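Beneath this line is the structure, given in structure tokens, with notes to follow.
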Amino acid sequence: METNTGTEVVPNKSFTRFFPHIARILMGLAFLAFGVMGLFQLMKPPENLPEDIKMIDAGLAKAGYMNVVSATMTLVGLLLLINRFVPLALAFIAPILVGILTFHISTSLAMIGPGAFLSLLELYLAWSYRRAFCSMLAAKVTPGLRCE
């Protein structure tokens, strides 16, 4: 018969166990906010952009591409905040982050801060959820097999 005398040693849990949750919530809030602002056209492009970039931006907006990007950002933000389908949300947002970084590197390097920060959060969360991506990153996969 085992009795508990109250003298058990409780394992010391590190604060770092909260880092993935903090990163997920920060990223979710950012993409939800930017997605909603994009859907309702609450953000205007900077005035100091070159004319050819303004024309491309206007063409993308007219074609509806920016609505798809904004809707994707909103969906990803919601999925991250409610902690559902997080690896899928990370896969959806990765190409958008590449586009954000490419835009800022080529046109306005001084404004790269938020995109770089969100990209770092993306990489950290992808590392935190790396087991979900193991079959995606395998060179050869047999259908139906699970990752170990």
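What you are looking at is a predicted structure, and each value in this text was computed from that prediction instead of being measured. Throughout, residue positions are numbered sequentially from 1 according to the sequence presented.
- Summarising the geometry, atom CZ belonging to Arg130 is positioned 15.0 Å from atom CE belonging to Met136; distances are rounded to the nearest 0.5 Å.
- By the rule that hydrophobic residues join a cluster once side-chain heavy atoms approach within less than 4.5 Å of another member, Phe85 and Ile25 end up as members of one cluster.
- Between the side chain of Ser108 and the backbone N or O of Ala110, no donor-acceptor pair lies under 3.5 Å.
- Side-chain contact check for Leu97 versus Phe31: some heavy-atom pair is nearer than 4.5 Å.
- Rounded to the nearest 0.5 Å, atoms CG (Leu49) and NZ (Lys54) are 6.5 Å apart.
- A distance of 9.5 Å separates OH of Tyr129 from OH of Tyr124, quoted to the nearest 0.5 Å.
- The closest side-chain heavy-atom distance from Met27 to Arg24 is not below 4.5 Å.
- Two residues are said to be in side-chain contact when any heavy atoms from C-beta on lie closer than 4.5 Å; Ile96 and Ile93 meet this criterion.
- No side-chain heavy atom of Phe34 sits less than 4.5 Å from a side-chain heavy atom of Ser70.
- Atom CE of Met66 is separated from atom CE of Met73 by 8.0 Å, given to the nearest 0.5 angstrom.
- Using a 4.5 Å cut-off on side-chain heavy atoms (C-beta onward), Asp57 and Phe103 make no contact.
- By the criterion of side-chain heavy atoms lying less than 4.5 angstrom apart, applied directly or through intervening Ile, Leu, Val, Met, Phe, Trp or Tyr residues, Ile53 is not grouped with Leu101; the two fall into different hydrophobic clusters.
- For the pair Leu118/Leu121, a side-chain contact is recorded, criterion being any heavy-atom separation below 4.5 Å from C-beta on.
- Leu88 is not connected to Ile82 by any chain of hydrophobic side-chain contacts under 4.5 Å among Ile, Leu, Val, Met, Phe, Trp and Tyr, and they are in different clusters.
- The distance from the CE atom of Met111 to the CD1 atom of Ile100 is 12.0 Å, given to the nearest 0.5 Å.
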Handout entry: Trace of the side chain to side chain contact (heavy atoms under 4.5 Å, CB included) decision for Gln41 with Asn67
Key = CA-CA 9 Å; Gln41 283 110 22; Asn67 289 334; 4.0 Å; yes

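- Crowding of Met55 atom CE: a count of heavy atoms from other residues, nucleotides or ligands under 6.0 Å not exceeding 12.
- The hydrophobic cluster containing Leu123 does not contain Leu80, counting ILVMFWY residues as joined when their side-chain heavy atoms lie under 4.5 angstrom apart, directly or transitively.
- Within a 6.0 Å radius of CZ in Arg17, more than 12 heavy atoms belonging to other residues, nucleotides or ligands are found.
- By the criterion of side-chain heavy atoms lying less than 4.5 angstrom apart, applied directly or through intervening Ile, Leu, Val, Met, Phe, Trp or Tyr residues, Leu29 is grouped together with Phe117 in one hydrophobic cluster.
- The two residues Ile22 and Phe15 make their nearest non-hydrogen contact at CD1-CZ, 4.3 Å.
- Residues Val86 and Leu125 have side chains not in contact (no heavy-atom distance under 4.5 Å, counting atoms from C-beta outward).
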